[in-house]
Structures are given as structure tokens and as C-alpha cells.
Amino acid sequence: MIERDRILSALNPQQLEAVTAPDVPVLIVAGAGSGKTRVITRRVAFLIRDRGYRPWQIFAATFTNKAAAEMKRRVVQLLPHVPDNDLHIATFHSLCARILRREITALGFSSNFTIADERDQLSAIKHVMRELGISEKEVKPGYAQEVINQCKIRLLDPLRLGEYIESRYEEQLAAIYEAYEKYIHASSALDFEDLILMTVRLFTERADVLTRYQEKYLHVMVDEFQDINDSQFALVRLLTAAHHHLTVVGDEDQTIYSWRGADIRHILEFEKYYPERIVVRLEQNYRSTQTILNAANAVISHNTERFNKTLFTELPKGLPVLVLQAENDREEARAVAELALELSRRLGIAYSEMAIFYRTAALSRTYEEQLRSLNMPYRVVGGVRFYDRAEVKDMLAYLQVAQNPRNTLSLLRIINTPKRGLGDKTIGKLLGWARQRGTSLFDSIENAAKGGFLPAAATSAVAALVEKIRTWHADSTSKLPSELFAQIREDIGYDESLGDPEQMEVRSRLENLDELYNSIVAYERETPEATLASYLENVSLLSPVDEAKEGQDAITLMTLHMAKGLEFRCVFIVGCNEGLLPHARSVEEGHLEEERRLFYVGMTRAREVLVLSHCSHRTYYGEPRYDFPSPFLEEIPSPLVLHVDASRTNMARFVHDLSHGKREPPSESQRPNQQFYDATSRHELVSRQNLSPRSQRSSLVGKRVRHPLIGEGVVIESGGMGKERWYVVEGDDGSRVKFLARYAQFEVCE
DNA sequence: TCTGATTCTGCTTAT
DNA sequence: CAGAATCAGA
């Protein structure tokens, strides 16, 4: 027997089929935990070793840099002789940025474009709205931003905006879109969507360039294919048009980016564009216990927008799913922290094997507080991002300007930071000239520096700035990015401008700048030909996941969106409340099923222990508010669930019992009546009996109530969430009245 | 032009 | 509650 084949061993028949599939379009439908990453990395290795592909002939797109890094690492493990840099495995955005750096001049753009992040985009939109005289009340900048991005995803230019929205704002939005495009392109910036869009345009308009890339990339792979959007799919189709060598992996139950244009349709349409495609299904789960998997299957089966697939596992039954209930959000966080502590002590689960997932990043703070008070190590992924801090963005803006002085967006950020006497009036004048002449802001300050345009004080301030920028720009190619950083920081006296270094606030800002400096040095160390341009590109495409330091024994805190693709022995999904976990805004937009998929993604990250927590009072806008449990909780069959009341449970004792098999979900007959706080009266405990799970969800429907004004009646309907929650009560005389729950003063009759 | 204080407004999710 | 916008006053 020959030595076991590292690429083809330890695969089940379906996995083997997927790895070794012929060079035709292959759609791998891979359920959660079914070995998706294993299959895709081995296929890459297989193509290189057994099919004669050179590493750089494979274009493999992922959705996060983290996933790309992991994929690369595992391919290199399989093929140790392949240098890391030869593998073109990266996010769509990075791959496109790389192509555009080389080719965008063909579209008449400068190749040293900068990448505008979301905030830059928003400030650009506000800016052009001011110039167009459209007030922020007429059109909300955030809405305009959303519309612009959606158009770009759908490959619609401003003139065809009407195909995406139809409203009386249409003209204004089209005008904003057009002005925005002119503005950011004049400052030679591209936004995130442009990276994809421009690449598609390049390939569409320049057949010669497309042919070159089709000949270069002989095989295209896409991970998390269910999250691909129109423009990305268009790109994939262009690249593979000549050879159809394509492998995609996806799971429609894990589509969670439809707000970014992801559409299940693309999996369905795969067949339309690639009729000769073969499909391989991976349905065996190797990750979760039977209990967890059954719970997840039960939840996702409530969705209608899916193929029916049921995952199975051969792993043991495991512990019940724990549903933790608390009185308020702080108590919930406290209980989660205590439970995590006990699970680590008594079940030996390392903190690095635990994760806390939440729907909105804002929830992290409460959990951080509680974890800190128990002295437990944790790491927040995302949240208030390092690269979003003002001082970090300032210094990066200086570097952007040094690299490309025509970057108006960045120049605007730093033109008066630190203060150098260039106020709104002066800046307005300078911008006005720039616009009239169709040049950049830098051109107009260069002109103003010659004198005669501005008051003397402003002229000398401007001249000094121009001089500095010229020097930095000249140094930008000869000096290392870290050297330039230090020089700029010194030249402008940034540290001093922050104020008294004895202040905590100032000290932490200085520390952040030191950390930024260190990260630049680290980048230079690991990148052989580090340039300012390559560093800035790297920074702007960095996702929060990539910032987290690996390897420490700490609990991971992150949003459900970022959890995709990861796994942990123990998972807490917190804030399982109606309005938060099916997020009210998402439900309003008709995305209940997507919220359920999000919940499903979270559940299926757990290998052994799954804890779902909720609370009855949550603080919003500083006010405590009654919240219902998430309806998703009721979709888990009760024999799989063990309810835990945070206020009445000693966690140490509980986990002890749990680990000795003494805690089991109660059978139907011995389950105590659920008790809950009713929305109508925050302090009155209402006992609820004989209610089916369905009516529990809508709480009061079907109940008799008494109201001081209308007397007795029956609740016949309810809707809305949180503050907006309402009930319709039908009086005994047949009249109907609608109440907002937070104002309704009725009592429930038993 | 800059500052600090006060009022206003609004929490998804992220490359 | 917290960040943004706005305003008074130097």
C-alpha cells in the first residue's frame, strides 16, 4: 500500500467526488459543518497537483480575508512547495483591486486611486448634496448611500436609476448619484462597490483585456457562493466565459447578505448559465451533536425559500440546548458570563473554544462589562474598529494625501487637522474654485498658495501645507511607509495637538498611534516589497475579523454575520428577543427568513454546547422596555431544550448537575407553567396557562382583557414590535379599538 | 475661526 | 445613551 494520499484521504464519497470532479462547472451544495473548507482547499490542491494547473492560474474568491488566509494556509499545508504568494486566493474586492491597479488606465482612471470606505462615501454624499442644495431633510444621506450602492451592485448607472427605485425622490437621487460619481472620481477614489463594478466594466468594454485574464485565470472558484451578488456573478461569468472552468460552493440556508445584494437566485441561475454543470451534495455534518443539529434543522425547516435538505450526523446526542432567561439585559449578560465561567471550570472548555454571538454590535458593551468584572479574558471582533478611530483615520488620511495629493476626500479630512486656521469659509472658497475648473482641491490650494486669492494669513497657512505635501509626496516612493508616518507625525505636531498627555483620553490616542505605527512596521516585515500604495490598499480592504489576534485563550465576541464559517465547542447566541434577533427593521423589509438563516448560522457554529439567551426588559435609548422572547426559540422542539431561569439558578451547581447528566429537559407533563411579564403592566406577573406556542408568540391574542374606558373585550389581533407593538381589542358590543401596548392600561382577566 | 455647551436624533448586518 | 448638529460667545 502506498503512502496515504494527503489530498484524497479521509473524504467521504461525496467529498471525494467534489474534490476530483472534472473540469466542468461544479456546484457543491454544502450544508453547515459538512467539510466545505476541506473540500475546497483539497480541490485547489488537486487541480494543481493532478490536473497540471499552475497555482496562479486559479482565481479563488472568498468573502472575508480571514477565510482567504485560512484557505491559503490549508492549501500550503497540502502542497508545501507552493509559495504563499503564488496562490490567488483572496476576497473579490482584493482580487479586483489588484486587477484595477494594473489595468484601470484603460478606462481613463489613474492607477494610484484610493479606496473610499463607507464613511468617506457618506461624507462625499453629504458634500455633493450641499452643492446641489438638497437638504438632509429632503433626502437622508444614508438613504442616498444605500440607493447608490444598490445601483452599483445591480450594475445600474445614474441614468437608469429608475429601474431600481420609483419615487418622487428619483430625480434628486439620480442627481446625487451623478454628482457623487464625478466628485469621488475627480479625487481619484473608488468606493467598495466600484472595485467590482469597474472590473466588470473593464472586461466588458475592453475585450483584449478580458481575453488576457481569461487566459491567465484558467479556473475560477467561489466560496460562500450563496452570498454572491449581481456584479460579482457578472464578473465570474465574464472570467469563465471562454472555458467554463468553475467550482462554486454554497449553502442556500446560509444566505445572510441579501441586504448587500446576495440572492438565492444565483444558485438557481447557475444552471441557466452553466447547463452542463454537475451538482454534488454534502449532507453529513461532522461538527455538531445530534441535539444541536436537530434543533437547527427544526428551525431552518420553517423557511420556505430553500431546497429541502436535512443534515445528519453520526456524533452523539450531547447536551440539551440551553435557553437562558433573564429579567433584564445586564442580568442576561451576567448569567452568560457566569455560565461560561462554570463551563470552563467544570467541563474544561477553553475560553478560546467559546463564542458569544449577537445580532447588533452595540450589544457587545454589556457583555464586555460583565466579562471584565469576572476577570474573564475576551476579544471583541469588529465593534468600534481600530481603523475607525479619529486619530487613526487622520494619520491614514495624511498617508493617503502623501501618496496621492489629488485625493480630495482625504485632503479635506486633514486640511485643518490639526487646526491651522483654514476654516469652513476658506475651504468653501477653495472647493468652489476646484469645482469651477474641474480640478482637485490640491490644485486649487497650490494656486492659492501663490498668493492674491486668499487673505494673507490663510495664504501662508495654505502655502506651508502645500510645501509639506509636496515633500511627503516626493518621499512617498523613496521612504518606507513607517518612516513617512513618523515624519508626518513629527512635521505636523500631531501628538502635541491632541493636548495634555497626562489625560487618559489623550494617552489612549497616542497609544493607538503607536499601535498603528507598529502595525505598519509589521506589514513591512511580512511584505517583501512593501510600498505606501500597497500598505494603504491592504488597510482599506481589511475586515474586522482580520484584526483579531489569534491564539490567545479568550472568549470571542462577534456579530452573527461574522460568525459564518467558524466553529466553537460552545456558542452563546445572546439577545434572542423579538425585534432584535429577528431584527424589527429586517422583518419590516420582509426579510424574516433571512433573520432565521442568521439564527441558523449561529446555531450550527456550535460543536457541543449551545446556549440561547433572552431577557424580558432591554434598554433602548436609555429606557428599559419590555421585550418578547424570539419566536425562533419556539421553533426548537421542546424535548431538545432545557430552560434556565437566570435569577433562580446557581450556575456552578447547574453546570455540575448538567455534567453529571442530572439536568434533562422535563417531559411534557412535568414542565412548569411558563411565567412571563406582560407588556401591559411591567410589574405585574401574569401566569399563563393552556396557551399553545403559537398564541404565546402573539402573547395576548385570544385573551379577555378589562379596560377602564371600554370595559371588557377580547384581544383579536396584535402586531408591531417593541415600542410599536399594538393590540386590537374587540369589545363585547362589537366595537374594535387599537391600542399601543406601551400606553394600554388594560388588565388581563383570568 | 474656534470652543464648549446644548439640543437633536436615531441601533442592523459589512467588503 | 451617544454621536451629530447647532449655537452662543470669545
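Just so we're clear, the structure is a prediction, and the values are computed from it rather than from any experiment.
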(request) Answer yes when A:D120 and A:R413 have at least one side-chain N-carboxylate O distance shorter than 4.0 Å, and no when they do not. (result) no
(request) Would you please confirm or rule out a distance under 4.0 Å between OP1 or OP2 of B:dT1 and any side-chain N or O of A:T426? (result) yes
(request) Sequence neighbours left out, what passes salt bridge (Lys or Arg N to Asp or Glu O under 4.0 Å) with A:R597? Give chain and number order. (result) A:E305, A:E594
(message) Counting the benzene-type ring for Trp, do A:H266 and A:F233 have ring centres under 6.0 Å apart?
(response) yes
(request) Using a strict cut-off of less than 4.0 Å between a Lys/Arg side-chain nitrogen and an Asp/Glu carboxylate oxygen, indicate whether A:R306 and A:D253 qualify as a salt bridge. (result) yes
(request) State which residues pass side-chain hydrogen bond (donor to acceptor under 3.5 Å, both in side chains) with A:E224; sequence neighbours excluded, sorted by chain then number. (result) A:K36, A:Q226
(request) Considering just the side-chain nitrogens and oxygens of A:S586, establish if one lies under 4.0 Å of OP1 or OP2 belonging to B:dT13. (result) no
(request) Check whether the aromatic ring of A:Y620 stacks on the base of B:dC11, taking stacking as ring centres less than 5.5 Å apart and planes within 30° of each other. (result) no
(request) With sequence neighbours left out, write down each residue that passes side-chain hydrogen bond (donor to acceptor under 3.5 Å, both in side chains) with A:R330, or none if nothing qualifies. (result) none
Could you write out each protein N or O paired with an N or O of nucleotides 1-4 of chain C at a distance under 3.5 Å?
| from | atom 1 | to | atom 2 | distance (Å) |
| --- | --- | --- | --- | --- |
| C:dA2 | OP1 | A:R365 | NH1 | 3.3 |

For nucleotides 4-7 of chain B, give me every protein contact, N/O to N/O, under 3.5 Å, one pair per line with atom names.
none

(message) Tell me every residue that passes salt bridge (Lys or Arg N to Asp or Glu O under 4.0 Å) with A:R130, counting only those two or more places apart in sequence or in another chain.
(response) none
